[in-house]
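None of these values were measured; they are calculated from a predicted model.
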Amino acid sequence: MRAQAISADTQVSTDKITLWGYALTIGGDNDGSIEIYDEADDSKTASALAGVARIQDGNSQNVHFNKPLLLKSGCYVNITGTNARAVVYIE
């Protein structure tokens, strides 16, 4: 398993990959979100949404799975919020 830092929308993988979890941190009193899609591009199709975290007022959220989630098409991450930082745990 490896951790990949995310600070902007990014294509993590265009191939099959497993997702073990993710973390989101927002600086200051800002709101933000992370959306993880089972996509090989930036289509952001609602039916391909694999994980989401939304936080308010500069908090953080960590999500870890007991068993990894298989993303068959790839992994695209959409991140919003001022000073938003995320980490995805993939293999």
When rounded to the nearest 0.5 angstrom, what is the spacing between [atom1] in [X] and [atom2] in [Y]?
X     : Y     : atom1 : atom2 : value
Cys75 : Tyr37 : SG    : OH    : 11.5 Å
Met1  : Trp20 : CE    : CH2   : 6.5 Å
Thr25 : Gln61 : OG1   : CD    : 10.0 Å
Arg54 : Glu35 : CZ    : CD    : 5.0 Å

Expected output: side-chain [X] to main-chain [Y] donor-acceptor under 3.5 Å:
X     : Y     : value
Thr14 : Gly74 : no
Asp38 : Ser73 : yes
Asp31 : Asp57 : yes
Thr80 : Ser33 : yes
Arg85 : Asn83 : yes

Subject >> Nearest atoms (heavy-atom pairs only) where Lys44 meets Glu39 >> reply: N-OE2, 3.6 Å
**OP:** Heavy atoms only: give me the nearest Gln56-Asn59 pair and the separation to one decimal.
**Re:** O-ND2, 2.8 Å
Original post:
Are Ser13 and Asp15 close enough that a side-chain donor and a side-chain acceptor fall under 3.5 Å?
Top reply: no
Subject >> Cluster companions of Val12 among Ile, Leu, Val, Met, Phe, Trp, Tyr (side-chain spacing under 4.5 Å) >> reply: Ile6, Ile17, Leu19, Tyr22, Leu24, Ile26, Ile34, Ile36, Ile55, Val63, Phe65, Leu69, Leu71, Val77, Ile79, Val88, Ile90
